[in-house]
Amino acid sequence: MKLHCEVEVISRHLPALGLRNRGKGVRAVLSLCQQAPRTQPRPQAGGERGGRHPVCLFISTLKDKLGTRYELKENIEQFFTKFVDEGKATVRLKEPPVDICLRKANSSSLKGFLSAVRLAHRGCDVEAPLLTLTPVKTSEFEKFKTKMVITSKKDYPLSKNFPYSLEHLQTSYCGLVRVDMRMLSLKNLRKLDLSHNHIKKLPATIGDLIHLQELNLNDNHLESFSVALCQSTLQKSLRSLDLSKNKIKALPVQFCQLQELTDLKLDDNELIRLPFKMGQLTNLRFLSAARNKLPFLPSEFKNLSLEYVDLFGNIFEQPKVLPVIKLQMPLTLLESSARTVLYNRIPYGSRIIPFHLCQDLDTAKTCVCGRFCLSCFIQGTTTMNLHSVAHTVVLVDDMGGTEAPVVSYFCSLACYVNSCDMLK
């Protein structure tokens, strides 16, 4: 029985000696072997099952193919399996006093392997073929492939799975009309490139790729980016997103919950607006939304701190002289309640209040004073020089302009009057 993963063996004596472990695992092959007494021939690979003779654990690496042997029977102090679904686990041995840390393993294979190790620790029969103590072949380590690039249909794997250890997968120009579900089992994936295909919709389970940092969906047929993806584990991992050359008309408000984003490409879509809570993307440094249909920018765009911005080729409108007034006094009960909930940061959710009210709260507008408003506000438009939010600015038109219209909201007449100088 074998397991392919990264292994780090940590001696528990190091802290007592004032030493630290180097903190880096190596690719290894773990084998459960049954060692027969010297007077008897060793069992053949895949042959005798069971625990008639003690089962030991062998850890072999590319530099040490003979491997290091560890006794298992009544020699395990503790198992740490909290993150086993992520392909991680630790086995703490009594003698020698070491922790065997496993990571980047196939989660299902890891669970089966740990079950066999537990049986060996108890001295029970292991219901799996046990191997002989022989050196691991070099070919075994070739299974640790971390990068795969496929750029044609003929090279796309149809009959076999992707290597589970992949960290970078590119499948461009393969004619894909949907995301291959086999990709979603690659729990170590950090970069996924699905550019130049015909994908129309993204499965919400992409959000289960907890390590995914870069997602390239350039040149597909996407019409939306789902709320489920915005509220998935991508919130903590995704740093680069390329949605250029699709058919997206709008991004959901929840898109701004992807707060680890540093690079965002939205060129050549059909965007008629950007999420009005753009200011929440505090880590964003590179933004490109050229050749869309943006008439103006949201007010929170002014809160960004970019290194590069490209908004060329949009249909920016001239600021309106007169504001749009939608004030109502006194405020409705809905408006007053919503402002109170948002201003005091009272938690809410669909289990507490109706879903449509949650949507209203999620889409509340932010006044220049920092307060919130739903449907009772004054809307005004002004211009902003993009150099105020970015070091490098691509001209917004052929006339050499770097200014773009920004829409602002005011929760009261007092806020509007106090900001009228800005609107002139």
Side-chain angles (χ1 to χ4, degrees), residues 1-7 25-32 45-46 59-62 81 83-89 102-117 127-129 131 136-218 220 228-229 232-234 237-238:
M1 188 174 190
K2 291 184 178 181
L3 177 70
H4 297 80
C5 63
E6 278 193 6
V7 175
V26 295
R27 297 174 181 176
V29 177
L30 280 67
S31 309
L32 285 183
I59 301 178
S60 305
T61 64
L62 194 57
T81 58
F83 301 104
V84 68
D85 288 327
E86 299 177 16
K88 302 176 184 177
L102 316 177
R103 55 177 172 264
K104 295 186 179 181
N106 179 281
S107 58
S108 58
S109 300
L110 177 59
K111 291 175 183 177
F113 192 85
L114 291 176
S115 296
V117 171
E127 295 298 323
L131 308 175
V136 174
K137 298 179 180 179
T138 303
S139 59
E140 288 284 340
F141 296 94
E142 295 176 356
K143 298 179 180 179
F144 289 99
K145 195 171 185 178
T146 59
K147 182 177 180 179
M148 177 179 285
V149 177
I150 304 168
T151 56
S152 66
K153 289 183 179 180
K154 62 182 180 63
D155 295 327
Y156 193 83
L158 297 175
S159 59
K160 60 180 181 179
N161 289 329
F162 297 100
Y164 75 90
S165 56
L166 283 181
E167 297 179 7
H168 177 184
L169 174 61
Q170 177 180 348
T171 55
S172 302
Y173 302 101
C174 295
L176 299 178
V177 296
R178 64 179 65 88
V179 177
D180 192 331
M181 300 305 289
R182 293 176 297 171
M183 300 176 184
L184 305 180
S185 64
L186 304 176
K187 299 303 182 182
N188 298 316
L189 210 57
R190 283 167 167 74
K191 183 175 181 179
L192 178 59
D193 187 342
L194 299 171
S195 59
H196 307 291
N197 283 293
H198 308 296
I199 298 171
K200 295 182 179 180
K201 188 176 180 181
L202 298 175
T205 42
I206 284 185
D208 296 334
L209 298 174
I210 60 174
H211 298 297
L212 191 64
Q213 297 178 358
E214 298 181 38
L215 179 58
N216 188 346
L217 296 161
N218 173 41
N220 276 279
L229 286 176
S232 68
T233 57
L234 296 181
S237 64
L238 194 63

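Starting from 1, each residue takes its place in the sequence as its number. Here the structure is a predicted model, which is why all the values come from computation and not from measurement.
- Of all heavy-atom pairs spanning Leu238 and Glu214, the tightest one is CD1-N, 4.1 Å.
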Item to check | Step-by-step side chain to side chain contact (heavy atoms under 4.5 Å, CB included) determination, Cys5 to Leu110 | outcome: CA-CA 9 Å; Cys5 63; Leu110 177 59; over 6 Å; no
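- Between the CG atom in Leu3 and the CG atom in Asn106 there is a gap of 8.5 Å [rounded to 0.5 Å].
- The CG atom of Leu169 lies 11.0 Å from the NZ atom of Lys191; values are rounded to the nearest 0.5 Å.
- Distance check: Leu209 CG to Ser232 OG gives 9.0 Å after rounding to the nearest 0.5 Å.
- Within the 4.5 Å cutoff, the side chain of Leu186 has no heavy atoms near those of the Glu167 side chain.
- Asp208 and Thr205 form no side-chain donor-acceptor contact under 3.5 Å, judged by distance and modelled atom types alone.
- Between the side chain of Asn188 and the backbone N or O of Ser165, no donor-acceptor pair lies under 3.5 Å.
- Counting heavy atoms from C-beta on, the side chains of Thr146 and Lys104 never come closer than 4.5 Å.
- Counting all heavy atoms, side chain and backbone alike, Ala204 lies closest to Leu229 at O-CD2, 3.7 Å.
- With hydrogens and angles disregarded, no donor-acceptor distance shorter than 3.5 Å links the side chain of Asn216 to the backbone of Leu194.
- Atom CZ of Arg103 is separated from atom CD of Glu86 by 13.0 Å, given to the nearest 0.5 angstrom.
- The nearest pair of heavy atoms linking Val179 to Leu202 is CG2-CD2, 4.1 Å.
- A side-chain donor-acceptor contact under 3.5 Å links Thr233 to the backbone of Gly207.
- Ring geometry for Phe162 against Tyr156 counts as perpendicular: the plane angle is over 60°, on a 0 to 90° scale with 30° as the lower cut.
- Side-chain atoms of Ile210 and Lys187, non-hydrogen and from C-beta on, never get closer than 4.5 Å to each other.
- Screening residues 169-185 for salt bridge (charged side-chain N to carboxylate O under 4.0 Å, His left out), with sequence neighbours left out, gives Asp180-Arg182.
- The one candidate from Leu62, Thr61, Ile59 that meets the side-chain contact (heavy atoms from CB on, under 4.5 Å) condition with Val26 is Thr61.
- Side-chain contact check for Lys200 versus Val177: every heavy-atom pair is 4.5 Å or farther apart.
- Heavy-atom minimum distance, Gly175 versus Asn197: N-OD1, 3.1 Å.
- Going from atom CG of Leu215 over to atom CG of Leu189 covers 9.5 Å, rounded to the nearest 0.5 Å.
- Nearest heavy-atom pair across Asn220 and Ser195 is ND2-CA, 4.0 Å.
- Taking all atoms of both residues into account, the shortest heavy-atom contact from Ala89 to Leu114 is CB-CD1, 3.8 Å.
- Here the straight-line distance linking atom NE2 of His168 with atom NZ of Lys147 works out to 5.0 Å at 0.5 Å rounding.
- The backbone N or O of Leu212 sits less than 3.5 Å from a side-chain atom of Ser237, completing a donor-acceptor pair.
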